[in-house]
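Here is the structure we will look at, set down as structure tokens.
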Amino acid sequence: MNPQTILSIKEEIVLEARALQNAKGRLLASKFLVEGENQVLWALENGSQIDAVFVAQSQGCHPLALRLEKLNIPVFLCSEGISKKISDT
């Protein structure tokens, strides 16, 4: 499984992630957004369902991204700008 590259903030997966930036979006989706390697590792180690992980293109070969791919967790590569839009709360 190869990571998919996100090219636009208008892609559906990005819009879904950005909707989690506010309480209403999190309640409607029954999901939340975690940021950073430590939080992703915590979620993974505690059995949380991980729907997708966004990784900056500069970190595409990061060991965590490779581990997630082996677990069939979708990994999306994106630019620093798109990453900031997803995590900008």
Side-chain angles (χ1 to χ4, degrees):
M1 183 164 136
N2 290 325
Q4 180 180 340
T5 301
I6 304 271
L7 300 175
S8 168
I9 61 169
K10 295 184 180 188
E11 291 192 35
E12 187 64 30
I13 191 75
V14 175
L15 296 174
E16 290 173 11
R18 292 185 72 196
L20 301 176
Q21 292 175 341
N22 61 58
K24 180 180 177 183
R26 291 188 294 272
L27 286 172
L28 287 172
S30 296
K31 296 179 182 182
F32 59 94
L33 189 65
V34 298
E35 296 180 31
E37 181 179 353
N38 289 337
Q39 288 187 1
V40 172
L41 282 170
W42 180 89
L44 187 62
E45 291 168 0
N46 287 284
S48 297
Q49 178 179 332
I50 301 175
D51 293 333
V53 174
F54 298 91
V55 178
Q57 288 173 329
S58 61
Q59 299 293 315
C61 291
H62 191 283
L64 178 57
L66 299 173
R67 179 178 171 190
L68 294 168
E69 284 188 309
K70 287 180 183 177
L71 295 170
N72 293 320
I73 296 170
V75 175
F76 296 91
L77 297 179
C78 57
S79 68
E80 297 290 336
I82 291 173
S83 178
K84 184 173 172 25
K85 289 286 188 183
I86 292 169
S87 65
D88 193 24
T89 54

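Starting from 1, each residue takes its place in the sequence as its number. Small disclaimer: the values here were computed from a predicted structure and weren't measured.
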Short side-chain donor-acceptor distance under 3.5 Å, Ser58 and Glu80: yes

Closest non-hydrogen atom pair, Val75 against Ala65: CG2-O, 3.8 Å

Rounded to the nearest 0.5 Å, what separates atom CD1 in Ile9 from atom OG in Ser83? 13.0 Å

Any side-chain heavy atom of Ile86 sitting closer than 4.5 Å to one from Leu33? yes

With hydrophobic residues grouped by side-chain heavy-atom distances under 4.5 Å, do Val34 and Leu71 end up in a single group? yes

Working to the nearest 0.5 angstrom, can you tell me the gap between Leu27 CG and Leu20 CG? 10.5 Å

In terms of hydrophobic clusters joined by side-chain contacts under 4.5 Å, are Leu68 and Phe32 together? yes

Determine all donor-acceptor pairs shorter than 3.5 Å in which one atom belongs to a side chain in residues 39-46; sequence neighbours excluded.
residue, atom, partner, partner atom, Å
Gln39, OE1, Glu35, N, 2.9
Asn46, ND2, Trp42, O, 2.7

By side chain to side chain donor-acceptor pair (under 3.5 Å) - contacts of Asp51 (at least two apart): Lys31, Gln49

By side chain to side chain contact (heavy atoms under 4.5 Å, CB included), which residues pair with Lys70, not counting sequence neighbours? none

Hey, quick one: are Ile13 and Leu28 part of the same hydrophobic cluster, counting side-chain heavy atoms closer than 4.5 Å, chains of contacts allowed? no

Lys85 meets the side chain to side chain donor-acceptor pair (under 3.5 Å) criterion, sequence neighbours left out, with none

Strictly by ring-ring contact (aromatic ring centres under 6.0 Å, His included), give each pair with a member in residues 64-87 just once, sequence neighbours left out. Phe54-Phe76

Return the set of residues passing side chain to side chain contact (heavy atoms under 4.5 Å, CB included) with Glu11 (not counting sequence neighbours), or none when no residue passes. Gln4, Ile6, Leu7, Ser8, Val14

